[in-house]
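Throughout, residue positions are numbered sequentially from 1 according to the sequence presented.
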Amino acid sequence: MVAVPQGERYHPLFAPLLIFEVLGNSLLLGLNVLTICLFFAKRRIFPRAYIVLVVSNVAFLVIDELVGSRIPFVVAESNPSSLREIFRGAAYSVIWVAYMLKSQRVKATFVQ
């Protein structure tokens with residue numbers, strides 16, 4: 001209904017936004033599974049994969065919010081918790097990226 005030009009809530013950005021969300025969430029799910037496998041295998045590449053995961057997640061949220069803010073119906077239905085979620089994700093990313101890069105424990109654990 002939102003991606004069909006005859007729909008009452010149609011906007012030209014709805015279809016690309018929905019495709020972006022499906023593909024982005026699918027890729028993030030795959031990256032989550034890969035990261036979990038690397039973690040349990042204690043692979044050396046795990047810290048880099050985890051950094052890519054958390055930074056990609058924040059980037060996905062920011063792009064989703066920016067594109068969604070261009071659609072009037074999405075703006076009318078949005079709530080302020082989405083911005084809070086972006087800031088929470090960014091803070092989480094800063095903390096864990098720094099830990100993955102600087103921690104001696106991480107360097108000693110993921111050696112294979």
Side-chain angles (χ1 to χ4, degrees):
M1 175 154 90
V2 295
V4 178
Q6 293 78 22
E8 65 182 52
R9 294 183 177 165
Y10 172 75
H11 192 277
L13 285 178
F14 255 124
L17 179 63
L18 293 174
I19 292 169
F20 171 74
E21 287 188 0
V22 169
L23 291 176
N25 281 315
S26 299
L27 290 172
L28 284 173
L29 176 64
L31 191 53
N32 271 298
V33 170
L34 173 67
T35 306
I36 289 170
C37 292
L38 293 172
F39 174 80
F40 285 113
K42 295 183 181 177
R43 300 298 301 237
R44 185 182 317 226
I45 197 168
F46 167 76
R48 283 186 238 138
Y50 186 74
I51 289 169
V52 168
L53 174 67
V54 296
V55 171
S56 298
N57 189 35
V58 173
F60 177 76
L61 290 173
V62 169
I63 293 169
D64 188 44
E65 185 66 29
L66 288 175
V67 174
S69 68
R70 304 279 186 247
I71 302 172
F73 176 70
V74 174
V75 172
E77 296 290 322
S78 70
N79 54 18
S81 69
S82 60
L83 287 177
R84 188 175 326 136
E85 207 52 44
I86 290 172
F87 288 121
R88 183 179 297 150
Y92 177 90
S93 294
V94 167
I95 292 168
W96 282 103
V97 166
Y99 179 75
M100 290 292 165
L101 292 174
K102 297 291 183 185
S103 173
Q104 294 301 319
R105 181 176 288 173
V106 169
K107 289 176 184 160
T109 301
F110 302 102
V111 293
Q112 294 183 10

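- Within a 6.0 Å sphere centred on CZ of F60, other residues, nucleotides and ligands contribute more than 12 heavy atoms.
- Crowding of I45 atom CD1: a count of heavy atoms from other residues, nucleotides or ligands under 6.0 Å not exceeding 12.
- Placement of F14 and L23 in two distinct hydrophobic clusters is found when ILVMFWY residues are connected by side-chain heavy-atom separations under 4.5 Å, directly or transitively.
- The CG atom of L66 sits 7.5 Å away from atom CD1 of I86, with the distance rounded to the nearest 0.5 Å.
- Looking at every heavy atom in both residues, Q112 comes nearest to A41 through OE1-O, 3.2 Å.
- Note that CZ of F46 and CD1 of I51 are 9.5 Å apart. Values are rounded to the nearest 0.5 Å.
- Hydrophobic cluster membership for V22: none, as no Ile, Leu, Val, Met, Phe, Trp or Tyr side chain comes under 4.5 Å of it.
- By the criterion of side-chain heavy atoms lying less than 4.5 angstrom apart, applied directly or through intervening Ile, Leu, Val, Met, Phe, Trp or Tyr residues, M100 is not grouped with V58; the two fall into different hydrophobic clusters.
- Each of L29 and F39 belongs to its own hydrophobic cluster when Ile, Leu, Val, Met, Phe, Trp and Tyr are linked at side-chain heavy-atom distances under 4.5 angstrom.
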After noting the C-alpha distance and the side-chain angles of I63 and F20, does the key distance pass the side chain to side chain contact (heavy atoms under 4.5 Å, CB included) rule? CA-CA 10 Å; I63 293 169; F20 171 74; 3.6 Å; yes
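- Remark: L27 CG to L34 CG distance equals 12.0 Å, nearest 0.5 Å.
- Surrounding OH of Y99 are more than 12 heavy atoms belonging to other residues, nucleotides or ligands, all under 6.0 Å away.
- The list of side-chain hydrogen bond (donor to acceptor under 3.5 Å, both in side chains) pairs with a residue in residues 81-91, not counting sequence neighbours, reads E65-S82, N79-S81, E85-R88.
- Nearest heavy atom pair, residue L17 against residue G68, reads CD2-CA, 4.3 Å.
- No continuous path of ILVMFWY side-chain contacts below 4.5 Å connects L61 to I95, so the two sit in separate hydrophobic clusters.
- I71 and I19 fall into different hydrophobic clusters, where Ile, Leu, Val, Met, Phe, Trp and Tyr are joined by side-chain heavy atoms under 4.5 Å apart, directly or via other members.
- Within the structure, the side-chain hydrogen bond (donor to acceptor under 3.5 Å, both in side chains) test picks out the following pairs touching residues 32-51 (sequence neighbours left out): Y50-Y92.
- Minimum heavy-atom separation, R70 to H11: O-NE2, 3.6 Å.
- Counting all heavy atoms, side chain and backbone alike, P47 lies closest to V106 at CG-CG1, 3.6 Å.
- Contact detail for L28 and S56: the closest heavy-atom pair is CD2-CB, 4.0 Å.
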